[in-house]
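Heads up, the thing below is written out as structure tokens.
A note on names: the letters A, B, ... follow the listed sequences, proteins ahead of strands, and every chain is numbered from 1. Just so you know, these numbers come straight off a predicted model, no measurement behind them.
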2 protein chains.
Amino acid sequence: MNIYDVSEKAGVSIATVSRVINGNSNVSEKTKLRVLSVMEELGYTPNVFARGLGLNTMKTIGIMCTDSSDIYLANAVYFLERELRFNAYDSILCCTGTSLENKMQYLNLLLSKRVDGIILVGSKFLSSDPDTSDNDYILKAAKQLPIMLVNGQLSGDNIFCTLCDDKSAVYSVTDDLIKSGRKNIVYLYTSTSYSGKDKLSGYKKALEDNHLEVNPDCFHMCTKSIVRAKEYLNELYLNNISFDAVVTSDDSLAVGAVKFAFEHSLNIPSDLSIVGYNNSVLANCTEPELTSIDSKVETLCVTAVESLMKVFSGGKVPERTVISADLIKRNTTNF
Amino acid sequence: MNIYDVSEKAGVSIATVSRVINGNSNVSEKTKLRVLSVMEELGYTPNVFARGLGLNTMKTIGIMCTDSSDIYLANAVYFLERELRFNAYDSILCCTGTSLENKMQYLNLLLSKRVDGIILVGSKFLSSDPDTSDNDYILKAAKQLPIMLVNGQLSGDNIFCTLCDDKSAVYSVTDDLIKSGRKNIVYLYTSTSYSGKDKLSGYKKALEDNHLEVNPDCFHMCTKSIVRAKEYLNELYLNNISFDAVVTSDDSLAVGAVKFAFEHSLNIPSDLSIVGYNNSVLANCTEPELTSIDSKVETLCVTAVESLMKVFSGGKVPERTVISADLIKRNTTNF
DNA sequence: TTGTACGCGTTATCAG
DNA sequence: CTGATAACGCGTACAA
């Protein structure tokens with residue numbers, strides 16, 4: 001079943017059939033209708049390989065993320081797929097894990113598949129160390145096709161970033177906590193990626209601007225896990241390091257903080273205020289429900305795909321688009 | 001940069017280069033090494049379109065789900081992608097939403113992309129009405145390529161199902177609740193899919209086998225939402241319909257039940273026992289943590305991909321593989 | 001408005 | 001073990 005079968009049955013040449021398929025105007029209405037009906041009758045679908053061979057594109061985008069089962073990334077993947085589909089692009093999903101070797105391997109795989117562009121989701125793709133060569137594979141790939149970073153930051157030719165203003169978000173909420181009377185604010189985070197460092201610096205700056213000391217015990221990196229967060233807070237508690245607020249870089253850590261408070265019969269928010277990040281479904285699960293920073297995944301993804309389409313059509317696209325986060329106030333804070 | 005460039009530079013024919021690429025044994029070690037080094041030097045990658053054109057396969061599987069941002073489905077997508085990748089297959093992701101029209105459209109799209117197989121994840125793809133023609137598009141597609149259902153049930157040629165024994169799981173936990181003294185058990189569910197009906201029938205059968213009355217107010221379908229579950233339980237409460245246990249078809253509903261208990265200062269599990277489903281991260285968020293049925297997504301996905309590979313290699317694959325669920329006991333039950 | 005003929009880069013067959 | 005050559009199905013100059 002190919003274009004020849006259709007052309008024969010319709011009594012026209014394959015060129016005419018091709019014109020009809022691709023909406024070329026130079027076909028008489030009459031033959032167009034005849035071809036269309038034959039195509040329908042035969043249930044004909046153009047062969048994408050043959051088409052791709054000539055055009056050297058399959059209208060396919062590679063989406064890379066470290067782990068699509070992560071709530072944040074799963075949402076991102078969902079929105080990206082939706083937007084790409086809307087623009088008639090397929091999505092090839094690649095979950096790379098965190099090792100550099102795997103990331104490189106997957107990226108090369110996508111290049112060899114001749115995808116039209118690649119979207120890297122999450123800041124975990126990038127080393128935030130400015131002196132490293134760990135990001136070179138991305139710069140190199142960008143020589144072949146456009147690369148979009150969602151919530152990641154890397155500057156280079158043909159690389160476009162869409163990110164959330166994490167630093168301001170954390171700064172602002174930390175500042176809110178201080179203004180509402182909190183003196184000892186713990187910050188828990190899960191990664192030292194660009195975005196991870198950004199958030200941390202927002203926390204520190206808020207303390208400094210309010211002339212509060214930055215206690216090294218009070219900011220701590222831990223695995224993205226409810227239990228781990230709880231454990232660390234317990235450790236502080238046992239060491240008599242007192243604190244009256246916990247800001248986190250992920251809702252799961254905030255859930256851990258809620259559990260810590262429950263274990264020690266602390267009242268939330270009066271004894272302990274808690275702020276989550278990402279405004280995920282987890283924020284609605286705890287009692288009381290979490291105040292959380294909404295990092296605007298959907299907006300980020302929509303913008304990234306919009307930009308990519310603009311790149312394809314030769315339009316001018318900013319290297320870096322920054323979107324502000326929202327603070328969603330619920331019941332783990334009293335402002 | 002194509003196979004001709006390589007052949008010329010290596011001083012061999014394109015046939016030999018092709019043999020080297022595809023690991024064909026009939027090449028002398030010496031020429032093989034020479035070709036390999038030229039390929040390396042030129043940074044040559046075979047063109048997938050040309051290859052696909054000849055072989056009529058791109059080693060790509062279509063994964064369809066209604067919504068990849070759903071926690072359960074996100075996990076499934078993650079595991080499927082991982083397993084497919086392990087077998088050197090790419091994954092094209094399609095989130096269809098729930099309308100039949102969209103599902104059909106996406107399926108046809110995948111067919112036209114010449115994927116090698118399609119995996120339908122979640123029971124929401126299928127009408128469980130035996131008299132409907134709503135599933136015909138799947139039967140039709142199965143004439144062209146193998147279709148795997150993960151947690152769905154449809155019998156037909158070239159269709160293979162991997163599913164969890166939901167009925168037994170719900171039966172068993174309901175029975176446990178009754179044996180531990182519960183008299184009035186509410187069952188909350190989110191869908192009337194095959195799996196949805198299966199779970200419900202497990203609940204009813206457990207009541208019947210224990211000579212308890214099945215009260216129509218006590219099993220109720222509601223949207224997959226924490227708030228909705230809580231609202232329905234509140235409604236029962238206001239209507240003085242008493243109950244001492246809630247079994248749900250999804251953890252989110254169970255979270256709603258926990259919130260209901262909190263609102264009315266009911267003790268969990270003594271006043272109210274609660275059972276979730278899917279053993280998702282939500283089960284660890286509440287206080288107390290949820291007893292939940294683990295529906296074994298990972299096993300399901302691994303099995304489905306294994307079966308698919310077996311189908312490709314011409315092996316015999318059962319039409320239906322059933323996997324038992326596990327009950328993960330936490331603190332919302334007292335058995 | 002329509003048709004012819006070629007190129008796209010592989011793999012596979014067959015002959016040597 | 002190696003090489004020549006025919007498919008594979010489509011898009012598109014170019015010709016009519």
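- Between the CG atom of Asn56(B) and the C1' atom of dA12(C) there is a distance of 15 Å, rounded to whole Å.
- Remark: P of dT11(C) and NZ of Lys59(B) are 13 Å apart, rounded to the nearest angstrom.
- When rounded to the nearest whole Å, the span between CD1 of Ile14(B) and C1' of dC8(D) equals 14 Å.
- The two residues Ser28(A) and Thr31(A) come nearest to each other via the heavy atoms OG-OG1, 2.8 Å.
- Comparing the start and finish of the helix from dT1(C)-dA16(D) to dG16(C)-dC1(D), five pairs each, the helix axis swings through 40°, to the nearest 10 degrees.
- OP1 and OP2 of dC1(D) both lie 4.0 Å or more from every side-chain N or O belonging to Thr31(B).
- Side-chain atoms of Asn135(B) come within 3.5 Å of backbone atoms of Ser127(B) as a donor-acceptor pair (strictly under, hydrogens ignored).
- Between Lys124(B) and Lys103(B), the shortest heavy-atom contact is O-NZ, 2.7 Å.
- Val48(B) comes within 4.0 angstrom of nothing in the nucleic acid, heavy atoms only.
- Note on Asn22(B): only backbone sugar-phosphate atoms sit closer than 4.0 angstrom, heavy atoms only; bases stay farther off.
- In this structure a side-chain-to-backbone donor-acceptor pair under 3.5 Å is present from Ser313(A) to Met309(A).
- The minimum heavy-atom distance linking Arg114(A) with Val48(B) is given by the pair CG-CG2, 4.0 Å.
- Between Ser28(A) and dT2(C) there is a side-chain N or O to OP1 or OP2 distance below 4.0 Å.
- Contact check, Ser13(A) against dT2(C): no side-chain N or O comes under 4.0 Å of OP1 or OP2.
- In this structure, Lys30(B) places its NZ atom 13 Å from P of dC1(D), rounding to the nearest Å.
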What are the atom names and distances for every N/O pair under 3.5 Å that joins the protein to nucleotides 7-9 of chain C?
from, atom 1, to, atom 2, distance (Å)
dG9(C), OP2, Asn2(B), ND2, 3.4
dG9(C), N2, Ala50(B), O, 3.4

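- Among dG3(C), dT13(C), dG11(D), the nucleotide with an atom closest to any side-chain atom of Ala15(A) is dG3(C).
- To the nearest angstrom, P of dT2(D) lies 11 Å from CD of Glu29(B).
- Between Leu42(A) atom CG and dG9(D) atom P there is a gap of 14 Å when expressed in whole angstrom units.
- Considering all non-hydrogen atoms of both residues, Leu145(A) and Asp116(A) come closest at CB-O, 3.9 Å.
- Using modelled atom types, one side-chain atom of Thr60(B) and one backbone atom of Met58(B) make a donor-acceptor pair closer than 3.5 Å.
- Residue Arg19(A) contributes atom CZ, which lies 15 Å from atom P of dC10(D) at whole-angstrom precision.
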request  = Just do the side chain to side chain contact (heavy atoms under 4.5 Å, CB included) check on Arg19(B) and Val35(B) with the steps written out, would you?
outcome  = CA-CA 10 Å; Arg19(B) 286 188 190 100; Val35(B) 171; over 6 Å; no

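- Remark: Thr16(A) is in phosphate contact with dG3(C), judged by side-chain N or O atoms under 4.0 Å from OP1 or OP2.
- For the pair Arg320(B) (side chain) and Cys161(B) (backbone), a donor-acceptor distance under 3.5 Å is absent.
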